[in-house]
Undergrad: 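Pasting a structure below so you can have a look.
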There are 2 protein chains.
Amino acid sequence: MTRMHKENNLSKNQQIIFDLIDRSPEPLKAYTILYNVQKKGINAPPQVYRALDKLVEIGKIHKIESKNAFVACKNSDCEISKATAFSICESCEVVDEISDVKLSKYLSSFNHKKGMKFKRFNLEFFGLCKKCK
Amino acid sequence: MTRMHKENNLSKNQQIIFDLIDRSPEPLKAYTILYNVQKKGINAPPQVYRALDKLVEIGKIHKIESKNAFVACKNSDCEISKATAFSICESCEVVDEISDVKLSKYLSSFNHKKGMKFKRFNLEFFGLCKKCK
DNA sequence: TTACATAGTGTTATATTATAACAATTCTAA
DNA sequence: TTAGAATTGTTATAATATAACACTATGTAA
């Protein structure tokens, strides 16, 4: 019956949750998402976490690890969330995804002395944003 | 009564918990720490989390955000945990603190286009370590 | 030395974040 | 059209983290 929204590769729950995150001016936590989609028939944590996991996996959203919160990817050419960088204001908590080609290239080509080859990185900068400083 | 171990600025609980983390070859989670220090009279989560908070604050340990786990600082000249970088093996889960002066300088002087001034960053690289690849 | 502020401790309870497990449905590709 | 894969719905529970409060220890400045 209810068709999946395969035109953009997202299932029903994935689309509902992505839309919510994408429209949010700030990172959303899993349970905040849950409360906001209960009217759409998503009732339980696993439904939310499953959609989040998938959205992270395909690079539509990113997890801000220091906040346990999720933002939509604003960086269409980030290689499927393999190289993420964020700025986080410690006062107003605003989060921005950083799209800096030089930074991204520098880190993507960084090689560990101990012989480890990196596939992915996540960088979080903290400070005060323009407004707050 | 029991003197605090002020010779090195750590209180009793802080010292017990730091020693455990420092001796561990891998990042430790808060409840793993709790189970391991109960014989020393630390009984409840808040005691562990308070010590962890303080140890992070003074730079003796770092939190690996993607794992909710803690490691001792191996990098005596990292400016009190203001600039941290780690390599994490996705297979064996080994974590190493990266001490790379060039990397550290590059990131510490990185300036956001949007006018934010950074005070601190945390970088986590993921991949396969020498053994696992 | 006292007394006061600050930091640390111990404790119970609870909040927050995340997953296990299982049955059913929907989608996709052959 | 049918089998495998992905998704959904659901209940229960695990794992991570903090609130709140009473108390003790410590450092320091009068």
Undergrad: With sequence neighbours excluded, what pairs up with K63(B) under the salt bridge (charged side-chain N to carboxylate O under 4.0 Å, His left out) test?
TA: none

Undergrad: Think K29(B) has a side-chain N or O under 4.0 angstrom from the OP1 or OP2 of dT16(D)?
TA: yes

Undergrad: Report the residue (N13(B) or P46(B)) whose heavy-atom-nearest nucleotide on DNA chain C is the more 5′ of the two.
TA: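 Its nucleotide being nearer the 5' end, the pick is N13(B).
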
Undergrad: L34(B) has an atom CG; how far is it from atom C1' of dA14(D), in whole Å?
TA: 15 Å

Undergrad: Any side-chain N or O of S11(B) under 4.0 Å from OP1/OP2 of dA7(C)?
TA: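 S11(B) to dA7(C) OP1/OP2: no side-chain N or O under 4.0 Å.
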
Undergrad: Please check the phosphate of dG9(D) (OP1 and OP2 only) for any side-chain N or O of K12(A) closer than 4.0 Å.
TA: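 For dG9(D), OP1 or OP2 has a side-chain N or O of K12(A) closer than 4.0 Å.
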
Undergrad: Is any side-chain nitrogen or oxygen of Q47(B) closer than 4.0 Å to OP1 or OP2 of dT9(C)?
TA: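 So the side chain of Q47(B) is outside the cut-off, no N or O lying under 4.0 Å from OP1 or OP2 of dT9(C).
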
Undergrad: Whole angstrom is fine here: how far is it from OH in Y49(A) over to P in dT16(C)?
TA: 12 Å

Undergrad: With DNA chain D as reference, determine whether N43(A) or K54(A) sits nearer its 5' end, using the nearest nucleotide of each.
TA: K54(A)

Undergrad: In whole Å, I'd like the distance from the CD1 atom of I16(A) to the C1' atom of dT8(D).
TA: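 Distance, rounded to whole Å: 11 Å.
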
Undergrad: If you look at every strand shown and take non-hydrogen atoms under 4.0 Å, does K67(B) touch a base, only sugar-phosphate, or nothing?
TA: nothing

Undergrad: Rounded to whole angstrom units, what separation is found between the CZ atom of R50(A) and the P atom of dT26(C)?
TA: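 Rounded to whole Å, this separation is 15 Å.
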
Undergrad: Counting heavy atoms not belonging to K131(B), are there more than 12 under 6.0 Å from its NZ?
TA: no

Undergrad: Using a cut-off of strictly less than 4.0 Å, decide whether N68(B) has a side-chain nitrogen or oxygen near OP1 or OP2 of dA15(D).
TA: no

Undergrad: Specify whether Y35(A) and Y31(A) have parallel, tilted or perpendicular ring planes, treating 30° as the upper limit for parallel and 60° as the lower limit for perpendicular.
TA: perpendicular

Undergrad: Between atom CZ in F70(B) and atom P in dA17(D), what is the gap in whole Å?
TA: 6 Å

Undergrad: Please tell me if K40(A) has a side-chain N or O lying less than 4.0 Å from either OP1 or OP2 of dG9(D).
TA: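 For dG9(D), neither OP1 nor OP2 has a side-chain N or O of K40(A) closer than 4.0 Å.
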
Undergrad: If I take atom CG in residue L10(A) and atom C1' in nucleotide dT8(D), what distance separates them, rounded to the nearest angstrom?
TA: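 L10(A) atom CG is separated from dT8(D) atom C1' by 15 Å.
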
Undergrad: Take atom CD of E57(A) and atom P of dA6(D), then tell me their distance rounded to the nearest Å.
TA: 9 Å

Undergrad: Taking only Lys NZ, Arg NE, NH1 and NH2, and the carboxylate oxygens of Asp or Glu, determine whether K67(A) and E93(A) approach each other closer than 4.0 Å.
TA: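 Salt bridge: yes.
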
Undergrad: Measure from the ring centre of Y31(B) to the centre of the six-membered ring in the base of dT16(D), then say whether that distance is under 5.5 Å and the planes meet at under 30°.
TA: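 Stacked: ring centres under 5.5 Å, planes under 30°.
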
Undergrad: If the threshold is 4.0 Å, N to carboxylate O, is there a salt bridge linking K113(A) and D96(B)?
TA: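 The answer is no: the pair does not qualify as a salt bridge.
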
Undergrad: Please report, rounded to the nearest Å, how far the P atom of dT16(D) is from the NZ atom of K63(A).
TA: 11 Å

